[in-house]
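All values below come from the heavy atoms of this structure, side chains included, with hydrogens, waters and symmetry mates left out.
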Amino acid sequence: MRCTRRAGLLAVLAALSSGCFGPTTARPVQLFVLAPTVPAGAPQPGGAALRLAIGRISLPEILNRPQIVTRTGANEVRVADFAQWAEPLEQSVPRVIAENLARLLGTERVVVYPWPTQLAVDYRVEVAVIELEGSDDGEARLAARWRLLREDGSEATPLRLSAHAERAADASIGAMAAALSRTLEALSRDIADAIASSAA
């Protein structure tokens, strides 16, 4: 009897491994990226000589994951297992801000954390993201506190709060990722204006 049970179990395992119960197809994971949205064009005057550094971005723990998070209520979020960021937000957010600032200010001398300790910069940007997520109503929202520091570590701009919202073009996650990218452009413009004012 024991041998018969063992033989039956082996037969079931063999059937599962050979696909006898029909083909199974895993749902593919879709990958999305944040991208700079500032068009190449006329930068603010006087920015070409600036040397900028984008410090390490602080993110709330809820966003510190590959899955894309959507807010469904004041106290509820949805985590999408099959829609994920292609790179961690702690890397993509400073990368996008750096490229936006380079285009806005017309400088190619923008570095992202970590940078060589001996590198001299005119301004260092520190950003703490509070919110960077879409909602079920199709709106992308960004809230962040940020400040500018001079090369000597003194404060060029005191801590500020920027809050921006963009409407996604449609209900797709790709459209929401594009809208979130536009909120980062709006934040980048806030920072660029502060840099231009301080440099002047």
- Query: For I195, which of L104, L50, D190 qualifies under side-chain contact (heavy atoms from CB on, under 4.5 Å)?
  - Reply: L50

Suppose we screen for side-chain hydrogen bond (donor to acceptor under 3.5 Å, both in side chains). Which residues come up paired with [X], at least two apart in sequence or across chains?
X	answer
S188	N100
W146	S162
R56	none

Check: [X] side chain, [Y] main-chain N or O, donor-acceptor pair, under 3.5 Å:
X	Y	answer
R182	R167	yes
S181	A35	yes
S197	D193	yes
R141	E133	no
R124	V121	no
Y123	A156	no

Taking NZ, NE, NH1 and NH2 as the nitrogens, is one of them in [X] or [Y] under 4.0 Å from a carboxylate oxygen of the other?
X	Y	answer
R147	E155	yes
R95	E87	yes
R27	D81	no

What's the spacing between [X] [atom1] and [Y] [atom2] if we round to 0.5 Å?
X	Y	atom1	atom2	result
L161	I130	CG	CD1	5.5 Å
T72	D137	OG1	CG	11.0 Å
T183	H164	OG1	NE2	8.0 Å
T37	E166	OG1	CD	8.0 Å
E90	I57	CD	CD1	10.0 Å
L187	R160	CG	CZ	11.5 Å

- Message: Looking at D152, I want to see if its CG is surrounded by more than 12 non-hydrogen atoms of other residues, nucleotides or ligands under 6.0 Å.
- Response: yes

- Test side chain to side chain contact (heavy atoms under 4.5 Å, CB included) applied to V111 and I54, step by step: CA-CA 6 Å; V111 295; I54 312 301; over 6 Å; no

- Item | Minimum side-chain heavy-atom gap L52-R109 below 4.5 Å | no

- Would you mind reporting whether P36 and E185 have side-chain heavy atoms less than 4.5 Å apart? no

- Query: Going hydrophobic residue to hydrophobic residue with side-chain gaps under 4.5 angstrom, can you get from I173 over to V79?
  - Reply: yes

- Task: Might you work through the side chain to side chain contact (heavy atoms under 4.5 Å, CB included) test for L89 and L34, ending with a clear yes or no?
- Result: CA-CA 8 Å; L89 288 179; L34 295 171; 3.7 Å; yes

- Between A120 and E151, what is the shortest heavy-atom contact and its length? CB-OE2, 3.3 Å

- Stepwise side chain to side chain contact (heavy atoms under 4.5 Å, CB included) check, F32 with I68: CA-CA 9 Å; F32 298 89; I68 293 178; 3.7 Å; yes

- Stepwise side chain to side chain contact (heavy atoms under 4.5 Å, CB included) test for D170 and M176: CA-CA 8 Å; D170 54 52; M176 183 58 69; over 6 Å; no

